[in-house]
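Heads up: the structure comes next, in structure tokens.
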Amino acid sequence: MKHALFGIVAACTLLAAPLAHAADGDLVVNGTAIQNPTGCVPITPAESDQVSVQNNTNATAMVYTQADCQGEVTAVVAQGESVEINGASIAVS
């Protein structure tokens, strides 16, 4: 019985966990291409006031006000779109 319960809990945990994978394509941040980005992409402090983002991936990019993809989302950049906005990090999903 304990083994069956453990199996059910383990299966639910695996199904609930988000699947992390790299986006296909390039995310261009201030003219620098990041190939197949994944997770949170930092923006160097010198660039954090105004950032240019061109999303040439198959995923959505979200620009955040703080490092480590924290704070408010200042822009959602869909596939094929470009923005110039204030930001400190970019999440690709």
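Quick caveat, the model's predicted, so the values are computed rather than measured.
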Do you reckon I43 sits in the same ILVMFWY cluster as V53, going by side-chain contacts under 4.5 Å, direct or chained?
yes
Let me check something: any side-chain donor-acceptor pairs from residues 67-74 under 3.5 Å, sequence neighbours excluded? List them with distances.
residue: Q70; atom: NE2; partner: D68; partner atom: O; Å: 3.3
residue: T74; atom: OG1; partner: V63; partner atom: O; Å: 3.3
residue: T74; atom: OG1; partner: N86; partner atom: O; Å: 2.9

Taking a hydrophobic cluster as the set of Ile, Leu, Val, Met, Phe, Trp and Tyr residues connected by side-chain heavy atoms closer than 4.5 Å, whether directly or through intermediates, do V92 and M62 fall within one such cluster?
no
Once you round to the nearest 0.5 Å, how far does OG1 of T57 lie from CG of N36?
9.0 Å
Rounded to the nearest 0.5 Å, how far apart are OG1 of T38 and CG of D24?
10.5 Å
Is any side-chain heavy atom of S89 less than 4.5 Å from a side-chain heavy atom of Q66?
no
Name the residue from N30, V29, V28 that meets the side chain to side chain contact (heavy atoms under 4.5 Å, CB included) definition with Q54.
V28
Pairwise distance CD1(I90) to CG(N55) - rounded to 0.5 angstrom:
9.0 Å
Considering all heavy atoms, the nearest L27-P37 contact
CB-CG, 3.8 Å
Using atom types as modelled, flag every donor-acceptor pair under 3.5 Å from a side chain in residues 76-85 to any protein atom, sequence neighbours excluded.
residue: Q79; atom: NE2; partner: N58; partner atom: O; Å: 2.7
residue: E81; atom: OE1; partner: A78; partner atom: N; Å: 3.3

